[in-house]
Amino acid sequence: MFVTFEGIDRSGKTSQAKLLAEALGEDALLVREPGGTPAAERIRGLVKDADVALSPVAEMLLFCAARAALVDDAIRPALAAGKVVVSDRYADSTVAYQGGARGLGIDRVEQLNDWVTGGLWPDVTFLLEIEPAAAAGRRSDHEDRFEREGEELQRAVAAAYEELADRHPDRYVRIAAGLPMEEVHEQVLAELRARRPEAVR
Ligand code: TYD
């Protein structure tokens, strides 16, 4: 089973992905995007660096390159070994940030990612929804390229995610992420149990 977490910056995805992977124990592989392989981690450094100028297309292709490496080297082998793969962001992030917020086109970027991933889409995607203003309050000291652009970008990303959730109602589970972390985690577990009782003990 392939599970992803999506949402705007500081929606709490990283914590939830970790909590889920811990709850699943050895049956799970936790990965994050961009990253997860030596090549993809180097691309991560480049795309997050707010001091490196990148055009929207260049930025999108770098995320896709990192993803292609991660799918081949980590995600597909783990799925083939019967693991539950939990990913902190995946192709929908590129569709929402570059396709939606950067204006490259949701359809086009989704189609490209279908090719980039060899048609591998998650079984379940948890969309952690939080007001951009509330997420901005969770500010960290070091801001990356996307955080530095502020709330307007985050609003455009949130709108793109809403569209994706409407497009893929069977795969998407929307969760109010303003709740305490433990409560969000319980909702995630309950949803997975309902879908795949054998995967969540
Ligand atoms: P990250 O530290 O993972 O942020 P977060 O904890 O909010 O997920 O940084 C990834 C940043 O890159 C984040 O701002 C979202 C952005 N991003 C894209 O724009 N496109 C993508 O395809 C991915 C995977 C991330």
Side-chain angles (χ1 to χ4, degrees), residues 1-20 31-34 47-48 56-57 59-60 63-64 66-67 85-117 119-140 143-181 183-192 194-195:
M1 178 167 58
F2 183 22
V3 180
T4 60
F5 286 87
E6 297 284 353
I8 63 170
D9 292 343
R10 304 196 192 89
S11 55
K13 297 171 316 309
T14 305
S15 307
Q16 291 302 326
K18 269 193 200 138
L19 283 174
L20 176 60
V31 294
R32 70 165 180 189
E33 279 229 31
V47 288
K48 288 194 56 152
V57 172
E59 181 184 283
M60 179 197 61
F63 281 115
C64 288
R67 179 164 310 121
V85 175
V86 178
S87 189
D88 176 4
R89 295 194 180 282
Y90 186 61
D92 293 327
S93 285
T94 312
V95 180
Y97 280 77
Q98 282 69 46
R102 292 269 193 252
L104 296 180
I106 288 186
D107 281 329
R108 183 152 52 168
V109 176
E110 196 165 51
Q111 278 164 26
L112 176 68
N113 273 274
D114 193 55
W115 180 73
V116 162
T117 62
L120 180 67
W121 292 93
D123 298 296
V124 187
T125 296
F126 290 102
L127 176 57
L128 301 189
E129 296 192 297
I130 183 168
E131 258 299 300
R138 298 176 171 177
R139 179 151 284 161
S140 57
E143 297 195 316
D144 69 21
R145 177 189 304 280
F146 300 91
E147 288 160 349
R148 198 186 273 185
E149 286 182 47
E151 217 172 294
E152 201 179 320
L153 176 86
Q154 300 298 322
R155 287 199 184 281
V157 172
Y161 274 128
E162 270 179 42
E163 182 169 341
L164 285 177
D166 288 344
R167 275 187 188 206
H168 306 290
D170 295 343
R171 165 162 75 89
Y172 262 81
V173 179
R174 300 167 73 153
I175 295 190
L179 297 171
M181 214 160 83
E183 278 179 43
V184 174
H185 176 56
E186 282 308 320
Q187 286 187 35
V188 166
L189 284 181
E191 182 67 36
L192 288 181
R195 288 176 181 240

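Since this is a predicted model, take the numbers as computed values, not measurements.
Qualifying salt bridge (charged side-chain N to carboxylate O under 4.0 Å, His left out) partners for Asp88, counting only residues two or more places apart in sequence or in other chains: none. Listed by chain and number, the residues in a side-chain hydrogen bond (donor to acceptor under 3.5 Å, both in side chains) with Gln154 are Asp9 (sequence neighbours excluded). Listed by chain and number, the residues in a side-chain hydrogen bond (donor to acceptor under 3.5 Å, both in side chains) with Tyr161 are Glu6, Arg89, Ser93 (sequence neighbours excluded).
Taking the side chain as every heavy atom from C-beta outward, Leu153 and Phe146 approach each other to under 4.5 Å. Residues Val95 and Tyr90 fail the side-chain proximity criterion, which asks for heavy atoms closer than 4.5 Å. By the 4.5 Å heavy-atom criterion applied to side chains, Ser87 and Phe2 are counted as neighbours. Val173 has its side chain within reach of Val124: a pair of non-hydrogen atoms, C-beta onward, lies under 4.5 Å apart. Using a 4.5 Å cut-off on side-chain heavy atoms (C-beta onward), Ile8 and Pro132 make contact. No side-chain heavy atom of Asp92 sits less than 4.5 Å from a side-chain heavy atom of Glu33. Between Gln16 and Gln187 the shortest side-chain heavy-atom distance does not fall below 4.5 Å. Val188 is listed as a side-chain neighbour of Ile175, based on a closest heavy-atom distance under 4.5 Å.
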Practice task
Given side chain to side chain contact (heavy atoms under 4.5 Å, CB included), test Leu20 with Leu192 step by step and report yes or no.
Solution key: CA-CA 10 Å; Leu20 176 60; Leu192 288 181; 3.7 Å; yes

Practice task
Decide side chain to side chain contact (heavy atoms under 4.5 Å, CB included) for Glu59 and Arg102; before the verdict, give the C-alpha distance in whole Å, the side-chain angles of both, and the deciding distance to 0.1 Å.
Solution key: CA-CA 10 Å; Glu59 181 184 283; Arg102 292 269 193 252; 3.0 Å; yes

Exercise for the section: With side chain to side chain contact (heavy atoms under 4.5 Å, CB included) as the test, would you mind laying out the steps for His168 and Glu110 before giving the verdict? Expected result: CA-CA 12 Å; His168 306 290; Glu110 196 165 51; 2.8 Å; yes

Practice task
Could you please spell out the steps behind the side chain to side chain contact (heavy atoms under 4.5 Å, CB included) verdict for Val109 and Phe63?
Solution key: CA-CA 11 Å; Val109 176; Phe63 281 115; over 6 Å; no

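Although no hydrogens or angles enter the test, the distance criterion places no donor-acceptor pair under 3.5 Å between the side chain of Glu129 and the main chain of Gly7.
The pair Glu191-Arg174 fails the salt-bridge criterion, with no side-chain N (NZ, NE, NH1 or NH2) lying under 4.0 Å from an Asp/Glu carboxylate O.
Heavy-atom neighbours of Arg108 CZ from other residues, nucleotides or ligands within 6.0 Å: at or below the threshold of 12.
With no hydrogens or angles considered, a side-chain donor-acceptor pair links Trp121 and Asp114 at under 3.5 Å. Side-chain contact check for Asp166 and Tyr172: no donor-acceptor pair (N or O, by modelled atom type) lies under 3.5 Å.
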